[in-house]
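Below you'll find the structure, written out as structure tokens, and then a few comments.
Everything numeric in this text was worked out from a predicted model, so none of it was measured. Every chain is numbered from 1, with letters handed out A, B, ... down the list of sequences.
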Amino acid sequence: MELKQHLPSAADLCVTRRQFLNRFGMGFGALSLGSLLGSQFMGGSSAQADTNLSPLVVKEPHFPAKAKRVIHIFAQGGPSHLDTWDPKPGLEKYRDKDVKEIGGVPLVSPFKFKKTGKSGIEVSELFPKIGESIDEISVIRSMYTDIPAHEFATLMMNTGSGRIVKPSMGSWSLYGLGSVNQNLPGFISLAPNGNVLGGSSNWRSAFLPGAFQGTMVSTGNMSAEKVIENLKNYYTPLKDQREQLDLVQKFNELHNQNMKREAELEARIQSFELAFQMQTEAVDAFDISKEPDHIKEMYGSGTQGRQMLVARRLVEKGVRFVQVWDSGWDHHANLQSVIARKAQDCDQAIGALLKDLKQRGMLEDTLVLWGGEFGRTPRHDRGGRGEPGRDHHNRSFVAWMAGGGVKGGNVHGASDEFGYNAVEDKVHVHDLHATILKLLGFDHEKLTYRYNGRDFRLTDVYGNVVDDLIA
Amino acid sequence: MTKMSLKQVLPVAIVLAGSAWGASAADAKLDPKQLEFFEKRIRPVLASACYDCHSTAPDAKVKGGLVVDSKEGLLKGGDSGPSVVPGNPKKSLLIEAVEYHNKDLKMPPKEDNRLTDEQVADLVAWVQMGAPDPRVGTAPAMKTISIEESRSHWAFQPIQNPPVPKVADKGGFVKTDVDRFILEKLKEKGLTPSPQIDKRSLIRRAAYDLIGLPPTPEEVEDFVKDKSPNAFAKVVDRYLASPRYGERWGRHWLDVARYADNTGDRLNRGTPNYPFSWTYRDYVIQSFNEDKPFNQFILEQIAADRVVKGDDKSDMAAMGFLTVGKRFMGNQEDVIDDRIDVVTQGFMGLTVSCARCHDHKFDPIPTKDYYALHGVFSSSVEPEKGPFITPPKETPEYADFKAKLAELEDELADTARSEYEKSLTQLRSRFGEVLLGTYQYGTSKNNAALRSFLREKTVNANAYEAWAKALKKMSNEPGPVMKPWFDYAALSKDEFSGKAAGITAKLAKDSNVNPLVASALVKAEPKSIEEVSEVYGKLFKGMEKAWADAKANGVAGMKDEYEEQIRLVLHGPKSPLYLNTKDARTLQLVGGAQIRNFENRVQNKIYTLETTHPGSPARAMVLEDATRPRDSFVLVRGERGRKGDPAPRQFLQILSKDTPQKLNTGSGRIDLAEAIADRNNPLTARVIVNRIWAKHFGEGLVRTISDFGLRAEPPSHPELLDHLSTWFMDNGWSIKKLHRYLMLSGVYQQGSVDSAKYEEVDPANLYLWKMPIHRLDFEAIRDTVLMHGGNLDLAAGGKPVDITENPSPNRRTVYGRVDRFALPEMFRTFDFANPDMTTSVRNPTTVPQQALFMMNSPFVIDQAKLMVQRTDFLARKTDAEKVKFLFQTLFQRDPSASEISMAQQYLQAQAAKDVKPVTGKEDWSYGYGYYDPKTKQVRFRAMTDNTANTYTGGKKGGSAYLSAAGGMPGSVAKFGVIRRWTAPKDGRIFISGPLTHKEKEGDGIAARVVSSRAGEVGAWNLKQSRQDVVIEHMDVKAGDTVDFIVDCRANSEGDRFVWLPVIRMEDGPEWNARAQFTLPSKSKEQTPLNSWEKLAQALFLTNELIYVN
């Protein structure tokens, strides 16, 4: 399979079974995790028999990665680009006029934009706090996608496929890079009630092995035990469990001697040790009460504040890919009031996240992606009741990225004068995916997985890297 | 733009005009002027704009199969066909692409890099002059795989029956012919097989292999004792005959069949269940159990509708193979693709679905072959209701089911009808808009401008289309109302203003025109078609209103003849609006989202009813041949609406000798099934034999189990594969016989001994110098744990159960519900097969979540507890015997002396922590109330609130509480606190125990002991004093209560007390109120495991339980 050529094979990881035995024959406990937990997926079928180690071992990508981890803030519902990141003051002259090009009367954005930062990028008054980090951000004003239907486009954004269940972006990242913290899932999806449009298809590993699956965490009722099934034993205190495991490992050691130490058996032994540690360490990751007050205040006490803070804690602990769901951007009516409320909830939190990552020195290798599944029409939504709103629109929308090797203070692409069609430097969702993989160190055409005789990839047969977004 | 540039190149074109164009001309020596033009104008453009993605250069890509860095590459073209047709720019895709008119074909793809008008014009001129091109080089051959050349690929060669190698066998390894093939290869490589494995390990290996469960200790002992030469054959036969066998091997096939119990779609917040997917699962299990010949198994799964004869229709369920896949939100193309995929990969190891968008890149499967099969599946339809598996009996459950179903179906029909009426009414008021639309945009809705017009006028596009087409027909016979419209509409935009007045002028006199229409038009004097449509719109709206009023009075039509004419245009049988209401699709389209949503909701309810109702009779999920089967067309790049060549239904070319077999009996499914099950098909037997080999030996003889194409790994033992394939077919395609043949071989029965030396020679164990160890899969782990807990429910078949519940149902895992939409964590953690696509090999991973499941899940803990409650465990007398029992049961062997001592040491160390179970605590209850001397009864209400260590009186009780040692009454005498003992049996009791009150404030407390049989048996008032409460010799019957009541007397200050009653029964048992005091547990904490339970669980956690060698 393709990957073999570009990722270290099992042999490169020094873990053919024979070498493994020679090198690590001293038994379990003496091994570092990284060396023990190789992958059986990287080596193609003939090498598969040689190792049987954890699929989540840290792997080197094709070329040095600028981004080591990702926080994907998914503004689900189709946020209006025209009120957030793609100002169209020119619409004013069409106010109350029927404009053929957009199929109706334009809704002139009720929000003001202000040139911000050194780059002077115009930032909507909806996002003053995010605006403070504008010089870290690349705004893409020429996104487009295939279909303006929520579920299809949501899956498209997360998996590169609207209907057929394919592995999600996070699963591909985890597959390619592994995870530095084996005590937590390497790919975590956060949502206030755990229930999002499209459900688990958004974080599925599909045909990739289950170890690369995302784990949904309901942040409304957040506890590590809910995140990781069977994390807590309600029968046996930890100390007793340790004694029990010691006995198990003694039996295993005898068994191993008979079996001449199969690497596979060693890996399973080690997995119990990991599981034991996980019970205490995973709990800590979700406990935001451990944060100092000034940090909690900085993020704010709203839903997004809580989510962003957890997201930061998770990436700090080595989780490779965190997705934060911020649903409710579907503004068919009452745009002015509803979108303002929506933005208020997340502006402080996202602004804080960017600054917090920066002050910890993490922004440079943490990629933050913000965006929805599509944008909204420049014209009034005819179906909406109440004050005006906008309809679904796939021909032009926005996304922005920050950190992780992204060019800061940058605007890429443009839509037409109405914000109806992306026209300059258009970026399809596949192109965005190709670019994200590039930042993570991958040639998107070569990060493949062979399944049923076919090499699959995140970008299917599409995708062009947008070099202008990369610093 | 083009004009100007053309001028520039005109001289060249003229010079060349006399020569003959086309490929032959281009082959001739190039005119120097042509050459110059090419080098100056064309080559630089191609090189800078195209080569990055379309050239043979080492670092370039070859997108769409197209290279443009050679003449041949351009002429041959890519996936979409030739790029350049010399002399014909209009037919040249290259030109189409650079012109940027086709939104789906724009090159270069980035707008930024778009060619200048001048560059485009140059290219056009160049193609026009015959595309003279001096470049040599060949297009890469990778695009199309030649079918003829591919025939030599081993997998497409006929299956041979190679001679069995003669090979010397000194070690007594050879047991069957299989071994001779193996031994020959081993010798070639200088390897020898591992020694025969011990009997205990062998029976464990055989049991897990065949039935997915461990052997019982009795089975093990029988086998160990059996010294006869066919002892192992008996074991194999016994497991093959077990109904557990089909559950194990059926599940392997269900992986291939991407089995799941729901569609994977999400509709109205529900995911539709397949109510009857389980009938397919049971069919598969049963087929394995009855050893259905595999060729028959193929026929039934693809075409049971044609092969199942007789009254017993249960095998119709076989077609679940095709129908239990994902439904892709109703996208039929994807559904067909899924079916083609599961059939071709499942039976033949070919990835035909790769050819959906382009000729297969690696295998000799052209797109045409894909669409040949596409025709077969698009000519197969699912009936609304599948046939009954067995005719339902008229039971009360069935009657109830039918009644409930009818209710839902009525609801559906009623609502659909009324929603439809509503939308029709709305449409009638849009008549003017539709008329205008047809004038301006025609009848097809596939027009962006029209769609935007319709959106603006809020006209449903689907309705519009149906309606516009009906109008078009009407133009032949317009009738008095519509005639003027068609007259006006015949005018073009330009002539309208000139000629409309003429039409209007004639109207009044025209007897063929409805006078109401005529006068309205005359009055309006329309100057544009818009105005005409407005007149009509108003007329019809007015008529709708008038008709609504008239209808309310119960008339059948308008009285006025002319009004009736207008009404009939909207309501009459010839009305263009009289859409076919029986056509469900039209109805849906017109009714729009409301009807669809509603239908989905009710349909989901129907699915749920069918899934859950006990009276719901099982149906088979079948396909039937469409009444008019049809061939499909190639869809270029798999895109709808890009029709290519017709693709007659026929079998794959690579598997056909000359003319491919036609697939045209009905849909052609039966022909397809027969072509697959044909003895001469080189793939079918090899693929299934290899699958079965792989399950026994860990890897296939061909390691790419689902891919036998050109990129497949060649078989490690090609002759053996053919030998087995021939043997298999000669033996009636019997899978059970094949198991037996394989398992009785020496290679199967060898040990798993590792060898450093051999590891160097053959690290992948390709030549089978040992049997690889393997880990139990998800089903085997769960079933094993259940079996050891003594609780495995061996009931077979039926509706799926939810095994993720706690406590978990005790059924075998194969009967667990497979939720494709949200595959439960547990399934994923243990690498369950991907239910979205056919799975040949599960990818085993080792992750800590698996360890957590074994360590912490209530499921495993429960079974560990149950294991040491088994009577056969308890029957063992000594600790050592008990440890032995555990090892024998779990590992099929006795523990070593050191293992016994390790276990005993552990037990001793843990015993100190064992919590002695407190018995009798359930005989105490806690409440409040008072003693009524008149009735001699106690008014007792249970306390429902509690803190960490007391019961409290809740809102009513103020600070009243009861603790282990005492408590405090409420602030009124009727709120005494009561500790109640209920006699569990008859007997004579003695009560004793000190009662203490210490506090200064208030008037102290009143205490009494009351029996439900005897009333008050003792009463005391205390203040700052101590009383030894003793009641001697009281007889109680089971169920009697004794209450210890304390109240506050008149003053509620300072009433805390300590009372430690003990009840002793004459024959021994004792109840201690303090020691047995218990609170309801709010936390999830459970009683800790005792030492034996912990030991049993520890053994569940070992590698030895999970690995089979």
NZ/A:Lys250 to OG/B:Ser898 distance, rounded to the nearest 0.5 angstrom? 10.5 Å
The interface call for A:Val461 against chain B, heavy-atom contacts under 4.5 Å, is neither
Where do B:Ala851 and A:Ala275 come nearest, in terms of heavy atoms and distance? CB-CB, 3.6 Å
Let me confirm one number: the CG-CG distance from B:Asn1103 to A:Asn256, rounded to the nearest 0.5 Å. 6.5 Å
Side-chain donor-acceptor pair under 3.5 Å between B:Glu825 and A:Asn230, yes or no? no
Largest heavy-atom contact set with chain A, pairs under 4.5 Å, which of B:Gln910, B:Gln905, B:Met837, B:Gln849: B:Met837
Do you know which of B:Asp831, B:Thr829, B:Thr839 has the most heavy-atom pairs with chain A at a distance under 4.5 angstrom? B:Thr839
Partner residues of B:Leu766 under the side-chain contact (heavy atoms from CB on, under 4.5 Å) criterion, sequence neighbours left out: B:Arg703, B:Ser716, B:Asp762
Just give me the residue among B:Leu852, B:Asp707, B:Thr838, B:Asn331 that pairs up with chain A most often, heavy atom to heavy atom, under 4.5 Å. B:Leu852
Which of the residues A:Arg204, A:Lys100, A:Gln279, A:Glu151 is involved in the greatest number of heavy-atom pairs with chain B at under 4.5 angstrom? A:Arg204
Exercise: identify the closest heavy-atom pair between A:Met278 and B:Pro848: SD-CB, 3.9 Å
Chain A heavy atoms under 4.5 Å from B:Phe328: which part of the residue, side chain, backbone, both or neither? both
Under 4.5 Å from any heavy atom of chain A, what part of B:Ser353 do you find: side chain, backbone, both or neither? neither
Side chain A:Asn233, main chain B:Met855, donor-acceptor under 3.5 Å: yes
Evaluate the criterion side-chain contact (heavy atoms from CB on, under 4.5 Å) for residue pair A:Glu229 and B:Phe853; output intermediate values, then yes/no. CA-CA 8 Å; A:Glu229 271 190 9; B:Phe853 177 82; 6.0 Å; no
What part of A:Lys232 is in contact with chain B, defined as an atom under 4.5 angstrom from a non-hydrogen atom: side chain, backbone, both or neither? both
Taking atom CZ of B:Phe891 and atom CZ of A:Phe251, what is their separation to the nearest 0.5 Å? 7.5 Å
Measuring heavy-atom distances to chain A, does B:Glu899 have an atom under 4.5 Å in its side chain, in its backbone, in both, or in neither? both
With a 4.5 angstrom heavy-atom cut-off, could you sort out which part of A:Gln213 is near chain B: side chain, backbone, both or neither? side chain
Contact part of B:Leu1099 toward chain A, heavy-atom cut-off under 4.5 Å: side chain, backbone, both or neither? side chain
Output the distance between atom CG (A:Leu208) and atom CG (B:Asn834), rounded to the nearest 0.5 Å. 9.5 Å
Using 0.5 Å steps for rounding, measure from the OH atom of B:Tyr906 to the CD atom of A:Glu243. 7.0 Å
For B:Val847 against A:Ala211, the heavy-atom pair lying closest together: CG1-CB, 3.9 Å
Option in A:Leu245, A:Leu247, A:Leu254 with maximal non-hydrogen atom pairs under 4.5 Å from chain B: A:Leu247
Interchain contact, B:Asp836 with chain A, by part (heavy-atom threshold 4.5 Å): side chain
With side chains defined as the heavy atoms from C-beta onward, is the minimum distance between B:Lys913 and A:Asp240 less than 4.5 Å? yes
Please determine whether side-chain contact (heavy atoms from CB on, under 4.5 Å) holds for the pair B:Asp862 and A:Tyr235, giving the CA-CA distance in whole Å, both sets of side-chain angles, and the decisive distance to 0.1 Å. CA-CA 10 Å; B:Asp862 282 350; A:Tyr235 298 80; 3.9 Å; yes
Among B:Gln850, B:Met902, B:Lys326, B:Met826, residue most engaged with chain A (heavy-atom pairs, under 4.5 Å): B:Met902
Can you say whether B:Phe453 sits under 4.5 Å from chain A via the side chain, the backbone, both, or neither, judging by heavy atoms? neither
Side chain, backbone, both or neither: which part of A:Asp431 has a non-hydrogen atom closer than 4.5 Å to chain B? neither
For A:Lys166, is it the side chain, the backbone, both or neither that has a heavy atom under 4.5 Å from a heavy atom of chain B? neither
With a 4.5 angstrom heavy-atom cut-off, could you sort out which part of A:Glu424 is near chain B: side chain, backbone, both or neither? neither
Evaluate the criterion side-chain contact (heavy atoms from CB on, under 4.5 Å) for residue pair A:Arg268 and B:Tyr1107; output intermediate values, then yes/no. CA-CA 11 Å; A:Arg268 185 165 185 269; B:Tyr1107 283 94; 3.8 Å; yes
Chain A: which of B:Thr351, B:Leu1101, B:Leu350 shares the most heavy-atom pairs with it under 4.5 Å? B:Leu1101
Under 6.0 Å from the CZ atom of A:Phe276, do we count more than 12 heavy atoms belonging to anything else shown? yes
Tell me which of these, B:Gly264, B:Gly698, B:Ser706, B:Ala712, has more heavy-atom pairs under 4.5 Å with chain A than the rest. B:Ser706
